[in-house]
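Comments concern the structure below.
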Amino acid sequence: AFAQGALGRALLAAMSWSLSQGLQNGATTRFGSLPIRTTHTTGSLTDIGLLLGQWLRTGGDRPPQPRKLAILGLGLLSFGFGGLLARLLRSRMGLRAALVPAAILSLLGAQGLPASL
């Protein structure tokens, strides 16, 4: 019975985290005309690499827009900060630590809801 209960909670947690990642990706896919991938670091690294590669392809004539690089770089730094914060919170709160980013995302999403209606 214990294993079944523990497995059920783990499955529910995995499904909840998957849903939260989908919601986060959907909520933050675009910032103006800039596509932003916030659920995995490789998306930001790929976008930074593409911008720098396009700049090099032009022989340095058209540098990437500083705003795009800044936003993508800030997002990349946020991954590291979020990982550190998650480690600290999980040591104190256990799996309930996952509720912290879920609550933040819910509050941020709720602020934009009236404007979209």
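Values below: all heavy atoms of this structure, side chains included; hydrogens, waters and symmetry mates excluded. Please read all numbers here as calculations on a predicted model, not as lab measurements.
Put simply, CG on Leu51 and OG1 on Thr46 are 11.0 Å apart, with the number rounded to the nearest 0.5 Å. For the atom pair CD1 (Ile71) and CG (Asp47), the distance works out to 11.5 Å, reported to the nearest 0.5 Å.
Of all non-hydrogen atoms in Trp55 and Pro63, the two that sit nearest each other are CD1-CA, 3.0 Å. Between Gly73 and Ile48, the closest heavy-atom pair is N-CD1, 4.2 Å.
Follow the hydrophobic side-chain contacts under 4.5 Å out from Met93 and you never reach Leu84; the two are in separate clusters. A chain of hydrophobic side-chain contacts below 4.5 Å, direct or via other Ile, Leu, Val, Met, Phe, Trp or Tyr residues, connects Leu45 to Leu52.
For the pair Leu85 and Val100, the minimum side-chain heavy-atom distance is 4.5 Å or more.
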